[in-house]
Amino acid sequence: MRAAPAQTLKDSVVSVCEKHDDISSSVSEAGVLSGDASTSIILPKDQLSVLTPVVGPTLDLHITRIAVTPPKPGEVVVRIAWTGLCGSDPSFCVGPQPGFASHNHIAGHEGIGHVVASHDRSLLNKPVAARYLTYSCQECEYCLRGLPESCPRQLAFPKDLNGTFQHYITVPQHSVIQLPDYVFARDSRINPGVYAAALCSGSAALKALRAAQLRPQAVTVVFGIAGSIGHLVGLMAKHIYGARVIGVDVESKARDRMVKDGGVCDRFLPAPGNPEQEKAFQQSILKLCEDLRGHKNVLIGADSAIICANRASGYNNLTSYVCDGAAIIIVG
């Protein structure tokens, strides 16, 4: 295998994905592998991938041609139309981390596309997604408690299976989930690439909101509101659940467009920069909760706090910001 010159991760992902704007090309290649030549697909022999030849302490990505693997019974080949770039992907490419490949590692876990080869005709042309958690046992204590991401028998992209930074993935059919047909509808005004975010950040945000059991008009404080997951938590809380959102992040994030125009939160508070500011910060949150409820409620503090921050300071004094019986949800 000969590697192309290394490029940045962003440049590499764009190079791999840019040929997939025409979704029809994914569908038109579909076929079935069988002994009957008239119904057999002709897969390309090789494809482009974003690959780490030897996983080490520094990021070392290469655009590389690798083989396309025909599916065995029980497997499918998915042509990736769009793939997201998660903040976790760079960390997956260094190490190697326990359980991850040490050679020829391919990251990516937010991919959508179509099944283009399978021994099962019923799967052909189906729009599918490859998300991070592809399998959990549904039997262990973690799964029964609604925490499949902690299942000791889990399988995941790109840890146990090569990820979506390639044109084609050959994977067990149970490792992809079927998508609604409208995701790739030609008359849709929504770019299909948007749905890739639902497979990781979006699902994490939605699970956090479900755990918080938000009600319309409830007040929630979202720490890390300007991050990718925090943005989505704020958007869903405001526009789907009808909640009132107080967004918290470092002061420089107040200039973020969606924070500034109120798209993700009703009020924004800069996080305290030192312990001396924490008492005033607490009082500001309690006052904002009172204002957002219209001064007609006996509750003191927020109905929930959802922490999406990547700084340890985002976890200080959480119980002082919420009312009795509130939910504190830690994401990530």
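For this chain, numbers begin at 1 and follow the sequence in order.
When all heavy atoms of Thr134 and Ala156 are compared, the pair lying nearest together is OG1-N, 3.9 Å. Between Val245 and Ala237, the closest heavy-atom pair is CG2-CB, 3.7 Å. Here the closest non-hydrogen pair linking Val233 and Cys308 is CG2-SG, 3.9 Å. Nearest heavy atom pair, residue Ala101 against residue Val55, reads O-CG2, 3.4 Å. Minimum heavy-atom separation, Ala305 to Val322: CB-CG1, 3.9 Å.
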For Arg210 and Tyr241: C-alpha separation, side-chain torsions, deciding distance, then whether side chain to side chain contact (heavy atoms under 4.5 Å, CB included) applies.
CA-CA 10 Å; Arg210 285 175 172 171; Tyr241 284 83; 3.6 Å; yes

Under the side-chain hydrogen bond (donor to acceptor under 3.5 Å, both in side chains) criterion, do Thr83 and Thr164 qualify, and how do the steps go?
CA-CA 6 Å; Thr83 184; Thr164 57; 2.6 Å; yes

Decide side chain to side chain contact (heavy atoms under 4.5 Å, CB included) for Phe165 and Leu85; before the verdict, give the C-alpha distance in whole Å, the side-chain angles of both, and the deciding distance to 0.1 Å.
CA-CA 9 Å; Phe165 293 169; Leu85 173 57; 3.8 Å; yes

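Among residue pairs with one or both ends in residues 263-283, those qualifying as salt bridge (Lys or Arg N to Asp or Glu O under 4.0 Å) are Lys238-Asp266; sequence neighbours excluded. Note on residues 269-290: pairs passing ring pair (Phe, Tyr, Trp, His ring centres under 6.0 Å), not counting sequence neighbours, are Phe281-Tyr321.
Ile190 is not listed as a side-chain neighbour of Tyr182, based on a closest heavy-atom distance of 4.5 Å or more. Residues Ile63 and Leu48 have side chains in contact (heavy-atom distance under 4.5 Å, counting atoms from C-beta outward). The side-chain heavy atoms of Trp82 and Val194, taken from C-beta on, include no pair separated by under 4.5 Å. Using a 4.5 Å heavy-atom cutoff, the side chains of Leu288 and Val221 are not in contact. The closest side-chain heavy-atom distance from Val54 to Asp60 is not below 4.5 Å. The side-chain heavy atoms of Ile285 and Leu269, taken from C-beta on, include a pair separated by under 4.5 Å. Residues Val183 and Pro127 fail the side-chain proximity criterion, which asks for heavy atoms closer than 4.5 Å. Two residues are said to be in side-chain contact when any heavy atoms from C-beta on lie closer than 4.5 Å; Val222 and Cys265 fail this criterion.
Leu133 and Phe157 are not part of a single hydrophobic cluster, where members link through side-chain heavy atoms under 4.5 Å apart. Hydrophobic clustering (ILVMFWY, side-chain heavy atoms < 4.5 Å, transitive): Leu214 and Val264 are in one cluster. Under a hydrophobic-cluster definition in which Ile, Leu, Val, Met, Phe, Trp and Tyr are linked whenever side-chain heavy atoms come within less than 4.5 Å, directly or via other members, Tyr132 and Val171 are assigned to different clusters. Linking ILVMFWY side-chain heavy atoms closer than 4.5 Å, directly or via other members, places Val248 and Ile330 in a single hydrophobic cluster.
When hydrophobic residues (I, L, V, M, F, W, Y) are linked wherever their side-chain heavy atoms come within less than 4.5 Å, Leu299 remains an isolated member.
Remark: the backbone N or O of Val259 is paired with a side-chain donor or acceptor of Asp256 at under 3.5 angstrom. Proximity of a side-chain donor or acceptor of Tyr168 to a complementary backbone N or O of Thr69 within less than 3.5 Å is not detected. At least one donor-acceptor pair under 3.5 Å links the side chain of Gln97 to the backbone N or O of Ser91. Side-chain atoms of His167 never come within 3.5 Å of backbone atoms of Val68 as a donor-acceptor pair (strictly under, hydrogens ignored). Checked by atom type and distance alone, the side chain of Ser188 never pairs as donor or acceptor with a backbone atom of Ala185 at under 3.5 Å. The backbone N or O of Lys126 lies less than 3.5 Å from no partner atom in the side chain of His114, so there is not a single donor-acceptor pair. Under a 3.5 Å cut-off, the side chain of Ser304 and the backbone N or O of Thr220 do not form any donor-acceptor pair. Arg244 places a side-chain N or O within 3.5 Å of a backbone atom of Leu292 that can act as its donor or acceptor partner. Counting only distance, with no hydrogens or angles, the side chain of Thr170 and the backbone of Val77 share no donor-acceptor pair below 3.5 Å.
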Using atom types as modelled, flag every donor-acceptor pair under 3.5 Å from a side chain in residues 172-179 to any protein atom, sequence neighbours excluded.
from: Ser175; atom 1: OG; to: Pro172; atom 2: O; distance (Å): 2.6

Under 3.5 Å, side-chain donor or acceptor atoms of residues 138-150 against the rest of the protein: list the pairs with distances, not counting sequence neighbours.
from: Gln138; atom 1: NE2; to: Ser136; atom 2: OG; distance (Å): 2.7
from: Glu149; atom 1: OE1; to: Lys207; atom 2: NZ; distance (Å): 3.1
from: Glu149; atom 1: OE2; to: Lys207; atom 2: NZ; distance (Å): 3.1

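Under the rule for a salt bridge (charged side-chain N to carboxylate O under 4.0 Å, His left out), the partners of Asp291 that lie at least two apart in sequence or sit in another chain are Lys287. With sequence neighbours left out, the ring-ring contact (aromatic ring centres under 6.0 Å, His included) criterion links Phe268 to no other residue. The side-chain hydrogen bond (donor to acceptor under 3.5 Å, both in side chains) test applied to Arg293 returns Asp303, not counting sequence neighbours. Every residue two or more places apart in sequence or in another chain that forms a salt bridge (charged side-chain N to carboxylate O under 4.0 Å, His left out) with Asp261 is listed here: Arg257. When the side-chain hydrogen bond (donor to acceptor under 3.5 Å, both in side chains) test is applied to Asn162, no partner is found at least two apart in sequence or on another chain. Residues passing the side-chain hydrogen bond (donor to acceptor under 3.5 Å, both in side chains) test with His109 are Asp89, sequence neighbours excluded. Taking the side-chain hydrogen bond (donor to acceptor under 3.5 Å, both in side chains) definition, one finds that Asp249 meets it with nothing, sequence neighbours left out.
Under a cut-off of 6.0 angstrom, the local environment of CG in Asp181 is sparse, with at most 12 non-hydrogen atoms contributed by other residues, nucleotides or ligands.
At a cut-off of 3.5 Å, with distance as the only test, a side-chain donor of Ser122 or Asp120 sits close to an acceptor on the other residue.
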